[in-house]
Amino acid sequence: MASEALKKRKPKVIRNEGGTPEGKRGRGEGEQDSRVYNEEGELEGRDPKQDYQQYKDTCAALAKLMAEIQELKSNGAKDGSVEIEERRRQSCVHFMMLKKLNRLAHMRLKRGRDQTHETKQKVDVLHLQLQNLLYEVMHLQKEIGKCLEFKSQHEEIELVSTEDFFTEAPAEISRPHITKEDPHQLTLARLDWELEQRKRSLAQQYKTSLASKEKIEKGIEVKKEYLSSLLPGLQSIMQASLPLQEYLSMPFEHVQKQAEVAHHLPPPLYVLLVQANAYGQASDKNLSVFISGDVDEAKALSKPPEDSQDDESDSDLEEEQNTKRRRATLGGQLDDKRKEMLKRHPLSLCIDLKCKGLSLCIMIVLHLFFYFLMNLNILTVKTKVSPSSQLCGAVSAGELLNPETLLNCLYASDHGRETPNPANRYQFDKVGIATFADYISDLGHPYRWVQRLGGLQFPCDSPESAVTGSALSANHMESTMKLLRGRLQARLALHKQFISLEHSMIPVSAECQDLFPAKVLSRLARWTTITFQEFVELPMVQHVVKAGLAHETDLFFMAVLERGTARLQAAIVLNPRYPDATPLYSLSLLWKGERSGRTDDNLRAMESEVNVFRMELQGPRPGHQLLTNQLQRLCMCLDVYLETESQVCDGVEGPREFPREKMCLRTARGPNRLKPFKYNHPQGFFSHR
C-alpha cells in the first residue's frame, strides 16, 4: 500500500538557483518555453516577518496533521487508508514548505554576511588611509622639529664684536657695502676674519716652537754623549752585581733578557707567558716561567717570508719534465713535507710548578714544556717530574708519574691524542698523515686546555663565549694551574700509598680511624698493576667493560684480600681524575667455590659499599685517602661476610672457621639475605643500610 501511495505522489519541481544559459539550452528544444523557478529572485520580494509567520503556521498545521494521523491509527485505521494517505500528502507539502523557508533563511543570512563583509572592507580601507595620513603628519612634524633644533658649529665660536670687526678687518674681508645690509654675509665675513686671525696666531706659535725644538735638540745631544760615556761603567757594575742578585733572589739581569726574548715569541706562547707570569706574581709564588730555544732562528722567522708562488710554478714545470726522478723521490718529498708541516717554533716556554714531595724537606717540580706548531697553529705540551730519585720504590706506581699519561683527562674527555684544530685534518690528508697520535712522543700532547691557555679557540670547543686571546687565557689560567697542582699532589699521595700497599699494609690516616672497627682480620695479600688488556679478559669485569666505564687512559690494579681459606680478588679502575672520580671496584670471592658480584647479592652489596658511598670514605679534603679507605672498608666487609655466613651451609660439623667477632643487629635481611655491612661509630656494631 505504501508503494502505491508513493507512485501517486506528484513529481518534484525542478529548481535552478544559479543555472547557466548553456545548461538551459542543453535541455532540448521541447523545454524552451518551460518556466524556471528561481528562489533568489523570489527572495527579494518576500518579507521575513511574513515568512516567519508562515513558518509558525506550517509547524502548527504539521503538528495538527500528525496528531490526526495518530488518532486515526489509534482508532484502528489501517496504514494505507485514504484518510491517512491524504494527511501524509499534506504533511509532505508542509515539509517542503519548511525546507523552502529554511533555504530562504540561509540565503538571507549569507546575503547579510556578504553585505557586512563589504562594509568592513570599506571601513578598513578608510582606516588604513587615515593611519597613513597620521604617519605622514607625524614624520613631517619630526622633520620640522629637527630643522628648528639644528645648531650650526659656528655658534660655538666666540667671534669679535661687529664694531671691532669693521674697525680691524681689511676692506676685502669686511665688505661694508654688502655685510651691513645682509646678516648672513656679515656672519660669513666675521668667520673669515676669525680664520685669518687664527692662521696668524698659529704661524707665530710655529716659529716659537721651532726655536724651542732646536734648543731642546742641542740639550738632548749633550745628554746622549754623557749617557753613552756612562754605558761601559754601568755594564761593569751589572756584571759585578750578578752574584749578589743570585744570592738575594733578585734576577734583574735574567728578567731583562727574558723580556727581550719574549718579543720573538709567537702570539700564543706570548699570551701564555704574560698570563702565567701575572698569575705567579699574584697568586702562586711556587710557579716560575722561562723561555728557552734558539733566539737567532726566531729572529730569522720574524722576517717577512718570500713569495713562493713563482717557485711553486717552476717546481710544477720541473716535475712534468722529470717524471721518473719525481717518482723515485716521492717518498722523500712526502717526508720533507711532513717535517715542514710538523715544524715547531724555535722558542718554547717552560712552566715549573713546585710542591712538597714524599718527604716534606724535598720539593717536587713539575716541568711543563709548551711548544707552538707554526703550520698547524696549535700548542703542545710535554711534562717532566724531578727529582726522579725520590719517586722510586713502588713497582705498581710506575705509571703514576709517566710523562706520557700524567696530564690525561685533566679536564673530562681531554685525552690529548688528536689535534683540536679541525683544519689540521685536511692538512694531514695532503701529506699522508693518518693520525697525530703517531707524533705525540716527539711533539707533545695538544690538549684543549693548552690551547685555551694560549688564547686559541677552535670550533670544536664548547661554546663558552666569543672570548679569545689574553681574555680566554686569563679565564682558564687559575683553574688550570690548580688542577695541575692537584693532579701532581694526588699522584704523589698515591705513590706513597702504593709503597705501603706493595708491602701488604693499608695506610689509614688518623682522621679516618673512626670509619672502621678497631680490629679488622682480613688483610691485603697482594697489590699489583695490570694492563687494560688483562683487565678486560677478567670474567668479573665484563659488565664494567660493556657499560663503557673502563678506558685505555685509566689505570688498572688487582688487589687480593685474604682471611683463612677465603680469598677476595678486587679489580680496580683508577680514573686519571682521581680523587674527583671515584675508583671502581669489581669483586670475585674464592671460598667454597667462586662467586662474583653478578652471582652473589652480598658481593654486589660489598661493591656498592666501596663504589657508591664515596662521601663516607673521602676523608679530609682533597680526599687523597679515598683509595686506601676503600680497601680498608673492603677488608671490613669481607670480615662481616665470612663471620655471618651460615655455619652449616656445607653440612660440616665442628668449630667455625671464622668465629663471630663483629657485633651485628641482624645477620641477614630481606629475601636476598643481605648482610649488615654498615659500621656505626662509636657504638661499634654493624647494621643494614
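Only this structure's heavy atoms are used, side chains among them; waters, hydrogens and symmetry mates stay out.
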With a 4.5 Å heavy-atom cut-off, do E260 and V295 have their side chains touching? no
Are T167 and D164 linked by a side-chain donor-acceptor pair shorter than 3.5 Å? no
List for me each residue that meets side-chain contact (heavy atoms from CB on, under 4.5 Å) alongside L549, sequence neighbours excluded, and say none if there are none. V544, A547, L584
Kindly indicate whether the side chain of F370, heavy atoms from C-beta on, has any atom under 4.5 Å from the side chain of V450. yes
Please report the C-alpha distance between E42 and K100 in whole Å, then the side-chain angles of each, then the deciding distance to 0.1 Å, and finally whether the salt bridge (Lys or Arg N to Asp or Glu O under 4.0 Å) criterion is met. CA-CA 11 Å; E42 183 182 356; K100 177 179 179 180; 2.9 Å; yes
Minimum heavy-atom distance L349-L269, with the two atoms named: CD2-O, 3.7 Å
Return yes if some donor-acceptor pair links the side-chain N/O of N277 with the main-chain N/O of V274 below 3.5 Å, else return no. no
Are Y447 and T380 close enough that a side-chain donor and a side-chain acceptor fall under 3.5 Å? no
Test item: T405 and T553 side chains (from C-beta on) under 4.5 Å apart, heavy atoms: no
Quick one: does E340's side chain get under 4.5 Å of K343's, heavy atoms only? yes
A quick test of your reading: do over 12 heavy atoms of other residues, nucleotides or ligands sit less than 6.0 Å from CZ of F166? yes
In the structure I gave you, are the side-chain heavy atoms of H367 and T383 within less than 4.5 Å of one another anywhere? no
Would you confirm whether Y279, through its side chain, and L287, through its main-chain N or O, come within 3.5 Å as a donor-acceptor pair? no
Can you tell me how far CD1 of I144 sits from NE2 of H139, rounded to the nearest 0.5 angstrom? 10.0 Å
Would you call E194 and R198 a salt bridge, taking side-chain N to carboxylate O under 4.0 Å as the test? yes
Test side chain to side chain contact (heavy atoms under 4.5 Å, CB included) on L133 and E136; report intermediate values, then the result. CA-CA 5 Å; L133 292 174; E136 291 180 4; 4.3 Å; yes
CD1-OG distance between I216 and S212, expressed to the nearest 0.5 angstrom: 4.0 Å
Under 3.5 Å, side chain of S236 to main-chain N/O of G233, donor-acceptor pair present? yes
Closest heavy-atom pair and its distance - D442, K382: O-NZ, 2.9 Å
Mind listing the closest non-hydrogen atom pair of I433 and R425 along with its distance? O-NH2, 2.9 Å
N-O pairing of E196 and R200 below 4.0 Å: yes
With a cut-off of 6.0 Å (strictly less than), are more than 12 heavy atoms of other residues, nucleotides or ligands near OH of Y270? no
Taking all non-hydrogen atoms of both residues, which atom of G455 and which atom of V271 are closest, and how far apart? N-CG1, 4.4 Å
Could you go step by step and tell me if R485 and N286 meet the side chain to side chain contact (heavy atoms under 4.5 Å, CB included) rule? CA-CA 10 Å; R485 190 176 296 279; N286 291 325; 4.1 Å; yes
After noting the C-alpha distance and the side-chain angles of V385 and V365, does the key distance pass the side chain to side chain contact (heavy atoms under 4.5 Å, CB included) rule? CA-CA 6 Å; V385 179; V365 183; over 6 Å; no
Side-chain contact test, heavy atoms from C-beta onward, threshold under 4.5 Å: evaluate it for L376 versus T419 and give yes or no. no
Side chain S413, main chain C409, donor-acceptor under 3.5 Å: no
Closest heavy-atom contact between L410 and R577? O-NE, 4.3 Å
If you measure from NE2 on H127 to CG on L134, what distance do you get to the nearest 0.5 Å? 8.5 Å
Keeping S209 on the side-chain end and Y206 on the backbone end, is there a donor-acceptor pair under 3.5 Å? no
Looking at E181, I want to see if its CD is surrounded by more than 12 non-hydrogen atoms of other residues, nucleotides or ligands under 6.0 Å. no
What distance separates Q197 CD from L159 CG, expressed to the nearest 0.5 Å? 9.5 Å
How about E404 and S441: does a side-chain donor come under 3.5 Å of a side-chain acceptor? no
Could you check whether the rings of F372 and H345 sit parallel, tilted or perpendicular, using 30° and 60° as the cut-offs? tilted
Rounded to the nearest 0.5 angstrom, the CG-CD1 distance for L272 and I351 is 4.5 Å
T179 (side chain) donor-acceptor with L186 (main chain) under 3.5 angstrom: no
Indicate yes or no for a side-chain donor-acceptor contact from K218 to the backbone of E214 under 3.5 Å, with no hydrogens or angles considered. no
From CG (N421) to CD (Q451), nearest 0.5 Å: 8.5 Å
Mind checking whether F436 and R417 have side chains closer than 4.5 Å, heavy atoms only? no
Quick one, F165 with S174, criterion side chain to side chain contact (heavy atoms under 4.5 Å, CB included). Give me CA distance, side-chain angles, the key distance, then yes/no. CA-CA 7 Å; F165 168 70; S174 61; 3.9 Å; yes
Keeping the roles fixed (side chain from T480, backbone from M477), state whether a donor-acceptor pair exists under 3.5 Å. no
Any donor-acceptor pair under 3.5 Å linking the side chain of H476 with the backbone of R452? no
Sidechain N-carboxylate O distance under 4.0 Å for E478, K482: yes
In terms of heavy-atom contacts, L472 and Q457 come closest through CD2-OE1, 3.6 Å
Mind checking whether V431 and Q333 have side chains closer than 4.5 Å, heavy atoms only? no
Side-chain ion pair, D124 and K120, N-O less than 4.0 Å: no
Taking D414 for the side chain and R448 for the main chain, is one N or O donor matched with an acceptor at less than 3.5 Å? yes
